[in-house]
Amino acid sequence: MPRKKTKYWLMKSEPDTFSFQDLLNSPKQTTLWDGVRNYQARNFMRDEMQVGDGILFYHSNAKPPGVAGIAEVASEAYDDPTQFDSTDSHYDPKSPVDAPRWQLVDIRGIEELPTFVTLTELKSEPALADMALVQRGNRLSVMPVKANEWGRVLELGGLKSRARSKAARKG
DNA sequence: GCCAACGTTGGC
DNA sequence: GCCAACGTTGGC
């Protein structure tokens, strides 16, 4: 039973490292969103996300960059295991074991956008002018998306904003 | 608590 | 590969 209204998010990934297809190919189309080492991004995951929230999966450092698909939050927040793994590139020796610094959520891939929505397109769309992603200098890898922005991006991507996730989840 | 130096992000 | 923008670190 949801305690709050569904929220929407945008999460960045470099497709060379982990693409939307990689997410769909993961067991249960689910993965843990590890490696976030920015406090603001962590706070969104730890404090504000809830299971079922919508996620725009964004390809950064890509040619071209843009939104590749939609996903959803698939777990409550929990400690990022990679912070304690000295062999992992995201190892954080300063994170206290008794008070871990970094938390994450699981995300589940839902559906690839029929049409990839490029950053250029997002920037040229008047309805998306206030989107956090297109603000100057924004480097956050996890950021909130407004409901109307979510709907518009899905339209641009060729998904009707109704009837999407349930049909996709069935398969 | 300031702020310069440094490292990272990510578009171009 | 360049570099602007930003976050973090550490000296003082």
Side-chain angles (χ1 to χ4, degrees), chain A residues 7-26 31-49 53-73 77-107 109-146 148-150 152-159:
Chain A
K7 290 184 182 178
Y8 301 99
W9 307 94
L10 182 144
M11 296 171 93
K12 294 178 183 173
S13 183
E14 303 196 7
D16 288 349
T17 305
F18 192 84
S19 70
F20 187 70
Q21 272 307 322
D22 291 331
L23 177 61
L24 292 183
N25 291 336
S26 300
T31 195
L32 66 175
W33 205 248
D34 57 10
V36 170
R37 295 294 180 268
N38 170 284
Y39 289 105
Q40 211 178 338
R42 177 207 66 185
N43 291 349
F44 285 136
M45 292 197 290
R46 188 191 63 186
D47 304 333
E48 298 198 40
M49 285 188 183
D53 281 359
I55 297 166
L56 299 175
F57 193 106
Y58 179 87
H59 282 176
S60 63
N61 262 319
K63 294 177 184 179
V67 178
I70 58 175
E72 67 179 359
V73 176
Y78 59 98
D79 295 334
D80 182 342
T82 64
Q83 69 194 306
F84 299 124
D85 179 356
S86 61
T87 67
D88 192 281
S89 61
H90 298 293
Y91 176 53
D92 182 358
K94 294 182 184 169
S95 181
V97 181
D98 56 348
R101 203 178 265 194
W102 306 110
Q103 284 74 41
L104 52 69
V105 296
D106 291 348
I107 78 168
I110 295 177
E111 187 172 5
E112 184 174 20
L113 291 184
T115 308
F116 185 88
V117 182
T118 65
L119 178 60
T120 308
E121 237 177 314
L122 295 171
K123 282 180 169 171
S124 66
E125 178 65 27
L128 301 178
D130 291 334
M131 222 182 158
L133 178 76
V134 303
Q135 302 312 308
R136 181 182 177 79
N138 180 18
R139 297 184 317 171
L140 266 184
S141 61
V142 178
M143 68 189 84
V145 171
K146 298 190 190 79
N148 65 303
E149 296 166 345
W150 167 267
R152 189 70 189 115
V153 173
L154 262 50
E155 281 177 16
L156 291 172
L159 280 186

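Keep in mind that the numbers below use all heavy atoms, side chains included, and drop hydrogens, waters and symmetry copies. A, B, ... follow the sequence lines: proteins, then strands. Residue 1 opens every chain.
- In this structure, A:F57 and A:F18 have tilted ring planes: the angle between them lies in the 30° to 60° band.
- A:D22 and A:S19 form a side-chain donor-acceptor contact under 3.5 Å, judged by distance and modelled atom types alone.
- Taking the ring centroids of A:Y78 and A:W102, they lie at or beyond the 6.0 Å cut-off.
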Might you work through the salt bridge (Lys or Arg N to Asp or Glu O under 4.0 Å) test for A:R152 and A:E149, ending with a clear yes or no? CA-CA 5 Å; A:R152 189 70 189 115; A:E149 296 166 345; over 6 Å; no
Protein within reach of the bases, or only the backbone? For nucleotides 7-12 of chain C, mark each nucleotide 5' to 3' as B, S or -, using heavy atoms under 4.0 Å. SS-S--
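- Where the helix from B:dG1-C:dC12 to B:dC12-C:dG1 starts and where it ends, the local axes point in directions that differ by 10°; five pairs per end, rounded to 10°.
- Shown for residues 116-134 of chain A: residues whose heavy atoms fall under 4.0 angstrom of DNA chain B, namely A:L119, A:K123.
- Judged by distance alone, the side chain of A:N138 and the main-chain N or O of A:A132 form a donor-acceptor pair under 3.5 Å.
- Without hydrogens or angle criteria, A:D53 side chain to A:K7 main chain gives a donor-acceptor distance under 3.5 Å.
- Side-chain atoms of A:E112 never come within 3.5 Å of backbone atoms of A:G109 as a donor-acceptor pair (strictly under, hydrogens ignored).
- Both A:N61 and A:G137 lie close to DNA chain C; mapped to their nearest nucleotides by heavy-atom distance, the more 5′-ward contact belongs to A:N61.
- Formation of a donor-acceptor pair under 3.5 Å by the A:Q135 side chain with backbone atoms of A:A129 is found in this model.
- Judged purely by atom type and a 3.5 angstrom limit, A:S95 uses its side chain to pair as donor or acceptor with the backbone of A:R101.
- With A:K12 contributing its side chain and A:L140 its backbone, the two residues share a donor-acceptor pair below 3.5 Å.
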